[in-house]
Novice: 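Take this structure, written in structure tokens, and hold onto it; I'll ask about it next.
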Amino acid sequence: MKLPRLPTTLFGKTALTIAVVLVVFQVLTTLVIAYYLLIPVVVRSANDLVDFMLLSSHVWVALPAEGRTEYQEELRQKTGLILVPAHDSLPDSTVYLPYVLFLEKALARQTKQPVQVGTEQRDGVDWYWFDFVSDGNRLRIGFSGQRINIRAPLAIVLILVLGTALTLATTLVIVRRLTQPLSQLAAAAERIGQGGSPEPLPEDGPSELVTLVRTFNQVTHQVKALLTNRTILLAGIAHDLRSPIARMRLALEMLPPSTDPELVERMLRAVDNMTHLVNQSLEFCRGVGHSPSQEVDVDELIGELVGDARRNGADIQWQPCRTRVHLLPPLALRRILTNLLDNAVRYGEGRTIEIACTCEGRRTTVSVADRGPGIPVDELEAVFEPFYLVDKSRSGVTGGSGLGLAIAKQLADSNEWLLSIRPRAGGGVVASLTIWQA
């Protein structure tokens, strides 16, 4: 049997805790009231009724035979009790009403003889009968259930259900007022973690939450200012480097023919790498932006990228997967897939690159798998950080800047897509992008 899952949210945990405590409290309260208040009252009432029943039986026995019938009728009309001689035994029956059980016990105690209890239905009403011995005569006395009109089980259920429901509803409203600002705070913190910039949260509610939200808004503003200053600084440096790099390239191309060609080639390659790094730095600084969404055929886009890579000598294995047309920012999707494919070509050591595309409902996943040296497990998340290189010694050979995956991750997060990298069985890595149809 599978156990139900416990809630994981603060609201769910708090609501469950309060519900359990309230139910236990209601049960304990009902038991205490029943034991110390209701049961003593019921016992006292049962003893009083037994005293009256015995007194009536004594009067009936003392009366002459011709006066007993008149007394029985008067007793029935004024008290609702029926007193008759018991000529036969009561049919076997089981009685569960607590008040009747208390009556049976009190009557047996006072008569010091066994008492037989029975029930019957008269016109849809339960009647309770007691056979006992009084002054040597076996008598039968009975009354209808309407005379006592006790609904103890219903009363207990109403107390438990209504009391718990009312208290729980009130408590849930209070808990919601307290946890809603925390939920907004958690959502804003997650947005910051994805590189976004949430709007300031409303500073209202209890003083403790107001202080927390106010501090969070201040920290958010400071982080935003810090990132803006960092971006401006990085963009300024990258922009200012463009002119000297261009002059360096021009100077290299104007060197006399007697200059060592291999040396010139190495220097031109280094200048190209610097140009590529500057361009990527500027692209990273521009941020993800908000390009308009368009209908995009994912298969067609992948086909264009694969064709360009094959023309440059890459060995790529790919078959169209007949994906649906998605409504999404095409520039963001193209940039992410281009970075993933460039990394696979750059670090795949010339081996076959496999591209797979799967569709499941509204979800489409594009995977790019290579057979390169792979990435250590403890660095799979770090590769999405700006300027992070798994093998620092390879950057000069491969031209890697450490910004490609950072840009791809930034674009994926801003569009609420999922970009991940995992080790590939047999060597290499698999980079996967999952997008959802809006």
Side-chain angles (χ1 to χ4, degrees), residues 265-266 269-270 272-273 276-277 279-280 283-284 296-323 332-360 363-413 415 417-435:
E265 181 64 25
R266 287 202 306 269
R269 190 163 54 246
D272 289 339
N273 289 339
H276 179 69
L277 176 59
N279 291 335
Q280 282 202 321
E283 184 177 355
F284 181 77
V296 178
D297 188 325
V298 179
D299 271 345
E300 182 178 343
L301 177 59
I302 297 176
E304 294 179 8
L305 299 179
V306 169
D308 293 340
R310 284 174 175 170
R311 282 189 289 272
N312 291 328
D315 182 7
I316 300 178
Q317 179 181 346
W318 173 69
Q319 292 293 333
C321 59
R322 299 179 181 178
T323 61
L333 180 61
R334 177 182 292 273
R335 187 56 181 156
I336 294 174
L337 295 180
T338 299
N339 282 339
L340 298 183
L341 188 56
D342 286 349
N343 279 348
V345 173
R346 182 178 297 116
Y347 300 110
E349 298 181 346
R351 300 177 182 176
T352 302
I353 298 171
E354 298 179 9
I355 299 180
C357 183
T358 59
C359 295
E360 297 178 1
R363 181 177 63 184
T364 299
T365 301
V366 181
S367 300
V368 180
D370 63 57
R371 286 296 183 187
I375 300 175
V377 177
D378 57 349
E379 297 185 53
L380 289 176
E381 292 296 329
V383 294
F384 294 115
E385 298 177 2
F387 302 108
Y388 187 89
L389 296 173
V390 177
D391 187 355
K392 281 71 177 177
S393 64
R394 293 173 59 88
S395 61
V397 177
T398 63
S401 63
L403 280 174
L405 288 178
I407 295 173
K409 181 66 172 176
Q410 193 179 49
L411 290 168
D413 289 343
N415 289 283
W417 300 338
L418 178 62
L419 178 61
S420 62
I421 294 180
R422 67 180 186 275
R424 186 184 184 188
V429 296
V430 179
S432 298
L433 174 68
T434 302
I435 61 179

Novice: Calculate, to the nearest 0.5 Å, the distance between atoms OG and NZ belonging to S420 and K409 respectively.
Specialist: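 Between atom OG of S420 and atom NZ of K409 there are 8.0 Å.
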Novice: With sequence neighbours excluded, what pairs up with R334 under the side chain to side chain donor-acceptor pair (under 3.5 Å) test?
Specialist: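 Scan of R334 (side chain to side chain donor-acceptor pair (under 3.5 Å), adjacent residues dropped) gives E304.
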Novice: Go through the structure and list residues passing side chain to side chain donor-acceptor pair (under 3.5 Å) with N343, not counting sequence neighbours.
Specialist: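 Partners of N343 under the side chain to side chain donor-acceptor pair (under 3.5 Å) test: R346.
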Novice: Tell me, do D299 and W318 make a side-chain contact under 4.5 Å, heavy atoms counted?
Specialist: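 SC-SC contact between D299 and W318 confirmed.
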Novice: Tell me, please, which residues at least two apart from D308 pass salt bridge (charged side-chain N to carboxylate O under 4.0 Å, His left out).
Specialist: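 Checked D308 against salt bridge (charged side-chain N to carboxylate O under 4.0 Å, His left out); matches are R311.
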Novice: Testing the basics here: between L411 and A332, what is the closest heavy-atom pair and its distance to 0.1 Å?
Specialist: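 Between these two residues, the closest heavy atoms are CD1-O, 4.0 Å.
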Novice: Give the minimum heavy-atom separation between T364 and C359, together with the two atoms involved.
Specialist: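 Taking every non-hydrogen atom into account, OG1-SG, 3.7 Å.
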Novice: Can you name the residues that form a salt bridge (charged side-chain N to carboxylate O under 4.0 Å, His left out) with R266, not counting sequence neighbours?
Specialist: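 Checked R266 against salt bridge (charged side-chain N to carboxylate O under 4.0 Å, His left out); matches are E262.
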Novice: Atom CZ of R424 and atom CD1 of I375: how far apart are they, to the nearest 0.5 Å?
Specialist: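 CD1 of I375 is found 13.5 Å from CZ of R424.
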Novice: Can a donor-acceptor pair be found, under 3.5 Å and without considering hydrogens, that links the side chain of R371 to the backbone of G427?
Specialist: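 Indeed, once roles are kept as given, a pair shorter than 3.5 Å links the two residues.
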Novice: Name all residues meeting the side chain to side chain donor-acceptor pair (under 3.5 Å) criterion together with S367; count only those two or more places apart in sequence or in a different chain, and write none if there are none.
Specialist: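 By the side chain to side chain donor-acceptor pair (under 3.5 Å) rule, S367 matches S432.
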Novice: Please list, chain by chain and in numerical order, all residues satisfying side chain to side chain donor-acceptor pair (under 3.5 Å) with T434, sequence neighbours excluded.
Specialist: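 Result, side chain to side chain donor-acceptor pair (under 3.5 Å) vs T434: T365.
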Novice: How many angstroms lie between atom CG of L341 and atom CG of D370, to the nearest 0.5 angstrom?
Specialist: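 The CG atom of L341 sits 10.0 Å away from the CG atom of D370.
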Novice: State the CG-CD1 distance between L433 and I421, to the nearest 0.5 angstrom.
Specialist: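 Between atom CG of L433 and atom CD1 of I421 there are 11.0 Å.
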Novice: Kindly indicate whether the side chain of N339, heavy atoms from C-beta on, has any atom under 4.5 Å from the side chain of L405.
Specialist: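 SC-SC contact between N339 and L405 ruled out.
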Novice: To check you understand the geometry: which heavy-atom pair defines the closest contact between E349 and P373, and what is its length?
Specialist: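 Minimum heavy-atom separation between E349 and P373: OE2-CD, 3.7 Å.
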Novice: Look up atom CG in L340 and atom CG in L419, then write down how far apart they are to the nearest 0.5 Å.
Specialist: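 It comes to 5.5 Å.
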Novice: Can you name the residues that form a side-chain contact (heavy atoms from CB on, under 4.5 Å) with A314, not counting sequence neighbours?
Specialist: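 Partners of A314 under the side-chain contact (heavy atoms from CB on, under 4.5 Å) test: A309, I316, V345.
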Novice: Of all residues at least two apart in sequence or in a different chain, which pass the side-chain contact (heavy atoms from CB on, under 4.5 Å) check with Q317?
Specialist: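 Counting only residues at least two positions away or on another chain, Q317 forms a side-chain contact (heavy atoms from CB on, under 4.5 Å) with T352, E354.
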Novice: State, with a plain yes or no, whether a side-chain heavy atom of N415 is found less than 4.5 Å away from one of I435.
Specialist: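 Heavy-atom side-chain distance check fails, nothing below 4.5 Å.
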Novice: Just so I know, are the side chains of I336 and W417 near enough to count as touching, which here means a heavy-atom distance under 4.5 Å?
Specialist: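 Sidechains of W417 and I336: in contact.
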